[in-house]
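One structure is given here, and the rest of the page talks about it.
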Amino acid sequence: MTVRLAAGLAAARAVGGLARATGRGGGTSLPGKVLTRVEPHAIERLAGRLSRGSVVISATNGKTTTAAMVSSVLERGGTRLVHNRAGANMVGGVASALAAAARRGGRELDGDLGLFEVDEFWLGPVVEELEPRAILLSNLFRDQLDRYGELDIIADRWAELVGRRGAASRLVLNADDPLVADLGRATETSPRPAGGALYFGVEDDSLALAELQHASDSKHCRRCGHAYIYETVYLAHLGRYHCPNCGRRRPDPAVVGRDVELRGIRSAAFTLAHAGEEHRVELPLPGLYNVYNALGAAALCLALEIPLAQVAAGLAAVAPAFGRAETLDLGGRPTSILLVKNPAGANEVLRTLTLEGRELDVFGVLNDRTADGRDVSWVWDADWEVLAPHVRRMTCSGTRAAELALRMKYAGVDPERLRVIEGLPEGLDAALAHGDGPLYALPTYTALLELRELLARRGQAEEYWR
Ligand SMILES: [Zn+2]
């Protein structure tokens, strides 16, 4: 067994890329795939050497940013993390990160705690091997339907997984997302020595939306199938809800964000409250969606018994990940890059952009390559209408540039303000050349990767995303 692990690690090293599997490097899953082919239980065996165990983060939106926040908090406290980075969030990526930290043929591991963001579809197999001490589940939105099928299928798989783990993993759940919050139901009826689920949520009625947004998903009670009634909607289907039929309601969160202040594309602030203690958090990331990411990260850290003051300080020090509201100087124009990949995530980015209080120059890149989901019909479900009145110019690029431009026309943008330039480099240059001041780039997933490579080639961004 030991020989197989050592042989697998040697093979993983031979295919290269291990240096990039962790640390500041970008995501790569090939070494991990090679490793698990030689030793199928490599994750279990290596993770077993982490003196403080592992934690796992999954969600449709915000995994990478949430993990960066947790990392910022824990590293300030001196914890040595084994952490898979953005994008490498399936079995291979987790195995790669562990392999990169392995020493002496896997007999030692350079790290105390494993921090893994895991694709929502792969959570089961990864958790089986990792046996994490805590699992943070943040949100479930409709994402790339042609890849994953119905949301309820993922919710069912998660429920099964949570049932199997029992009290072995502390659950950290978003109280405001009914699909996620319901996963804690089992912990309310059977006694769990590790404590029940730890819920987090927003409590700030000034943020309430008038009604459920167009892109809202989970509207029906997981327990009885009846439609939920929302007292307050904060974001997509997140809010304060109850089922009038069976009485199921949003659990009271123990970790609460209140007095939320959204300050355009740059930052947000909120009061983080837990167990009678409060800290004001100045978050260098924009939007209510990042407040949710911060609350999830905070709750996970609190589940690891990190003091609240240290949590707040770590959140304030987090740096944006590439493409998650990072702003780069491109030839004198501050360019903010905001990934859009599904209706709920896009809506939050669009809503945040309208807080800029200015006319906007926008560079939208819509691709339909495999990793984006071939079906780009989701752009018709996102609320571009909220952005339309703010658009000064919009350059549409990518393999489906024309469809994006068409969507913008339907949203009410004057066609004179729109340009279609399919090639991403040419589109970016045109967007930069016309106008002045800030530029807002909205790429889909593969477009973000292309943009990153382009900027790295031009020496305008770090070679690998953080
Ligand atoms: Zn019900």
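Numbers here are sequence positions counted from 1. Note that ligands are numbered from 1 as they come in the structure, with each ligand's atoms numbered from 1 the same way.
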Measure across Glu403 and Trp380 and return the closest heavy-atom pair with its distance rounded to 0.1 Å.
OE2-NE1, 2.8 Å

Please name the residue in the list Val82, Val94, Leu35 that meets the side-chain contact (heavy atoms from CB on, under 4.5 Å) test with Leu46.
Leu35

Please check: side-chain N/O of Thr79 versus main-chain N/O of Glu75, any donor-acceptor pairing under 3.5 Å?
no

Pair Tyr410 + Trp384: ring centers closer than 6.0 Å
no

Does atom CZ of Arg266 have more than 12 heavy-atom neighbours from other groups under 6.0 Å away?
no

Ignoring waters, protein N/O/S atoms under 2.8 Å from the Zn ion (ligand 1) are Cys221 SG, Cys224 SG, Cys243 SG, Cys246 SG

Let me have the donor-acceptor pairs involving side chains of residues 271-278, under 3.5 Å, with sequence neighbours excluded, atom names and distances please.
residue: Thr271; atom: OG1; partner: Arg280; partner atom: NH1; Å: 2.9
residue: Glu277; atom: OE2; partner: His279; partner atom: NE2; Å: 3.2
residue: Glu278; atom: OE2; partner: Arg258; partner atom: NH1; Å: 3.1

